[in-house]
Amino acid sequence: MRAVVVDRWMEPAELVVRERPDPVVGAGQLGVDVKAAGCNFFDILLVQGRYQVKPPFPFIPGGEIAGVVREIGEGAAKPSDHRAKPSDHRAKPSDHRTGFAVGDRVLAAAPMGGYAERIAIPASFAHRMPDAMSFEEGASFPIVYPTSYAGLVYRAALQPGETLLVHAAAGGVGLAAVQIGKALGARVIATAGGPEKVRVAIEAGAEFGIDYNSEDFVERVQEITAGKGADVIYDSVGGDIFDKSLKCIAWSGRLLVVGFAGGKIPSVAANRILLKNVSVVGLHWGAYAKYEPARIPETFAALFQLYEEKKIRPVIYGSYPLERAAEALVALGSRKTHGKVVLVP
Ligand SMILES: NC(=O)c1ccc[n+]([C@@H]2O[C@H](COP(=O)([O-])OP(=O)(O)OC[C@H]3O[C@@H](n4cnc5c(N)ncnc54)[C@H](OP(=O)(O)O)[C@@H]3O)[C@@H](O)[C@H]2O)c1
């Protein structure tokens with residue numbers, strides 16, 4: 001099969017496609033023909049050797065895929081998550097993980113291996129896709145949407161009618177947060193760098209857009225909320241954006257820590273948390289598999305329902321053939337893209 005192969009630490013611009021043996025499909029696994037693979041910022045760090053996980057060479061990057069099941073490993077027809085019970089009002093029992101068959105259209109997040117024509121993944125990682133979902137949409141789904149849903153619903157307890165401020169709202173997790181926030185009945189204010197990204201966030205459902213490169217977002221949020229501030233602030237940027245957010249958060253507001261795309265991990269003086277009853281809450285979607293696995297099928301069931309109700313829809317900035325993986329990751333790293341960048345093997 002053709003795959004993007006990393007055999008030394010390199011810059012994304014140096015990535016090339018090579019021939020590799022097909023992956024062996026083990027017990028409990030699915031062999032999947034990859035139809036589309038999502039690109040993520042951590043793929044860039046992974047190939048540069050700057051990610052917390054440093055796989056042995058050679059490896060194939062790519063942490064999100066959508067494709068068609070071509071082979072079923074022993075015992076994988078019945079994955080073991082049938083015990084999962086929805087505990088949230090939005091989620092409904094779903095069969096999207098109850099037994100797979102050859103030909104099923106699935107999406108999955110996997111640590112790596114997605115930038116290839118074929119992948120073997122644990123069946124427990126896979127979710128059967130809604131019929132209406134394209135493969136490119138499917139490959140754009142399995143990290144950013146669950147991250148934003150878990151952050152807003154489980155951690156920040158966002159309520160209908162509340163004001164949600166989403167930073168970097170045209171980015172991967174940001175756009176998903178705008179759409180989910182609106183679907184949950186919140187009034188969404190979006191910040192983003194530049195007028196084009198602000199436009200993208202407004203098209204995705206934000207009521208107000210602020211270009212934080214040229215405007216003071218604290219002042220604008222205070223104006224928009226008549227001095228009350230935002231009830232929930234979704235922060236995937238960190239640094240100064242986090243610091244300033246504490247100046248425009250509402251009484252009993254929740255400041256959701258999702259990431260540090262700006263490169264600086266902020267710290268906070270505890271008195272500022274005390275003064276306005278603020279909760280600073282963290283979100284680590286990847287760790288749900290270890291600590292609260294039942295939340296995973298519940299989250300996907302709720303998101304697939306929102307997708308089928310046409311309340312959320314991945315925004316795809318660009319779709320590149322596998323051979324142009326280097327170009328795709330360079331574009332992603334340039335901060336010029338919005339939504340998701342995908343590869344199509
Ligand atoms: N906690 C979790 O479970 C979880 C899950 C997934 C992702 N994340 C994290 O969330 C963050 C965003 O991920 P993503 O997939 O949304 O990434 P993305 O699509 O690349 O978007 C990141 C956004 O951050 C903004 N940004 C601000 N400063 C930046 C800088 N110095 N370099 C690059 N971008 C910068 C950019 O928007 P503007 O140009 O508009 O400022 C960009 O659109 C990452 O740190 C990621 O690791 C966390």
Side-chain angles (χ1 to χ4, degrees), residues 12 37-46 48 50-53 62-64 109 111 139-156 165-180 189-202 204 206 209-215 217 233-245 255-266 280-292 295-296 299 314-318 328-342:
C39 297
N40 284 285
F41 200 76
F42 70 76
D43 294 330
I44 297 176
L45 301 177
L46 191 72
Q48 289 172 326
R50 291 168 55 215
Y51 194 54
Q52 61 252 39
V53 178
E64 287 177 297
S140 304
F141 208 85
I143 292 181
V144 296
Y145 280 91
T147 296
S148 294
Y149 185 88
L152 294 175
V153 176
Y154 307 145
R155 303 296 293 130
L165 172 63
V166 180
H167 291 308
V173 294
L175 263 181
V178 168
Q179 294 181 355
I180 293 167
I189 306 174
T191 67
E196 174 58 18
K197 288 188 175 185
V198 168
R199 185 191 62 74
V200 168
I202 285 176
I210 304 170
D211 176 354
Y212 57 15
N213 285 349
S214 62
E215 296 175 87
F217 78 80
I233 303 185
Y234 184 102
D235 180 20
S236 59
V237 180
D240 294 347
I241 298 292
F242 175 96
D243 292 340
K244 288 187 184 161
S245 293
L255 178 43
L256 188 62
V257 179
V258 179
F260 313 104
K264 193 173 141 219
I265 298 176
V280 177
V281 285
L283 180 273
H284 184 181
W285 171 248
Y288 274 81
K290 180 174 175 192
Y291 296 108
E292 286 183 70
R295 287 288 199 190
I296 296 173
T299 301
V315 175
I316 295 157
Y317 169 85
L329 283 195
V330 168
L332 182 68
S334 73
R335 201 173 164 178
K336 294 200 176 99
T337 64
H338 58 255
K340 291 291 288 186
V341 171
V342 295

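Note that the coordinates shown come from a computational prediction; the quantities given were computed from them, not determined experimentally. When reading the values below, keep in mind they use all heavy atoms of this one structure, side chains included, and skip hydrogens, waters and symmetry mates. Whatever order the structure lists them in is the order used to number ligands and atoms, beginning at 1. Count residues from 1 along the sequence.
- Put simply, the side chain of D211 gets close to the backbone of G194: a donor and an acceptor are under 3.5 Å apart.
- For ligand 1, the atoms sitting less than 4.0 Å from at least one non-hydrogen atom of A168 are 23 (C), 24 (O), 25 (C), 37 (O), numbered in the order shown with element in parentheses.
- For the atom pair H338 NE2 and I316 CD1, the distance stands at 10.0 Å (nearest 0.5 Å).
- Distances below 4.0 Å separate heavy atoms of H284 from the following atoms of ligand 1: 3 (O).
- Scanning the protein heavy atoms around atom 5 (C) of ligand 1, the nearest turns out to be T147 OG1, 3.3 Å.
- A search for side chain to side chain donor-acceptor pair (under 3.5 Å) contacts involving Y212 returns nothing, not counting sequence neighbours.
- Less than 4.0 angstrom separates some heavy atom of A192 from each of these atoms of ligand 1: 40 (O).
- When each atom of ligand 1 is checked for a heavy atom of G172 under 4.0 Å away, the hits are 16 (O), 18 (P), 19 (O), 21 (O).
- For ligand 1, the polar-atom distance check finds an N/O of G193 within less than 3.5 Å of one of the ligand's N/O atoms.
- Evaluated by nearest non-hydrogen atom to atom 3 (O) of ligand 1, the leading choice among Y288, F42, W285 is W285.
- Given atom 20 (O) of ligand 1, the protein heavy atom at minimum distance is L332 CD1, 4.2 Å.
- With values rounded to the nearest 0.5 angstrom, D43 atom CG is found 11.0 Å from Q48 atom CD.
- Compare R155, E196, R335 by their heavy atoms: the one nearest to atom 26 (N) of ligand 1 is in R335.
- The presence of a protein heavy atom under 4.0 Å from atom 39 (O) of ligand 1 is confirmed.
- No donor-acceptor pair under 3.5 Å is formed between the side chain of T191 and the backbone N or O of I210.
- For atom 46 (C) of ligand 1, the closest non-hydrogen atom on the protein side is G259 CA, 5.0 Å.
- Counting heavy atoms from C-beta on, the side chains of L175 and Y317 never come closer than 4.5 Å.
- If you check each of G263, A261, S148 against atom 31 (N) of ligand 1, the one with the closest non-hydrogen atom is A261.
- For a threshold of 3.5 Å applied to N or O pairs, the pair formed by F41 and ligand 1 contains no separation below that value.
- Protein heavy atom closest to atom 48 (C) of ligand 1, with residue, atom name and distance, is V258 O, 3.0 Å.
- Ligand 1 places these atoms under 4.0 Å from at least one heavy atom of V237: 27 (C).
- Between the OG1 atom in T147 and the CG atom in L152 there is a gap of 10.5 Å [rounded to 0.5 Å].
- Of all protein heavy atoms, the one lying nearest to atom 41 (O) of ligand 1 is Y212 OH, 2.5 Å.
- Residues meeting the side chain to side chain donor-acceptor pair (under 3.5 Å) test with K340, sequence neighbours left out: N40, E64.
- For the pair V173 and ligand 1, the shortest N or O to N or O distance falls below 3.5 Å.
- Below 4.0 Å from some heavy atom of G171 lie the following atoms of ligand 1, by number and element: 16 (O), 19 (O), 21 (O), 43 (O).
- The nearest heavy-atom contact from the protein to atom 11 (C) of ligand 1 is S236 O, 3.7 Å.
- Contact annotation: the side chain of S245 approaches that of F217 to within less than 4.5 Å [non-hydrogen atoms, C-beta and beyond].
- Close approach of ligand 1 to K197 is summarised as follows: ligand atoms under 4.0 Å from at least one heavy atom of the residue are 37 (O), 38 (P), 39 (O), 40 (O), 43 (O).
- The shortest distance between side-chain heavy atoms of F242 and K264 does not fall below 4.5 Å.
- When side chains are defined from C-beta on, V342 counts as touching S140, because their heavy atoms get closer than 4.5 Å.
- Which parts of ligand 1 touch F260 is read off a 4.0 Å heavy-atom cut-off, strictly below it: atoms 45 (O).
- Protein heavy atoms come within 4.0 Å of atom 9 (C) of ligand 1.
- Looking at Y149, Y291, W285 one by one, the single match for ring-ring contact (aromatic ring centres under 6.0 Å, His included) with Y154 turns out to be Y149.
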Could you go through the side chain to side chain contact (heavy atoms under 4.5 Å, CB included) check for K197 and R335 one step at a time?
CA-CA 10 Å; K197 288 188 175 185; R335 201 173 164 178; 3.9 Å; yes

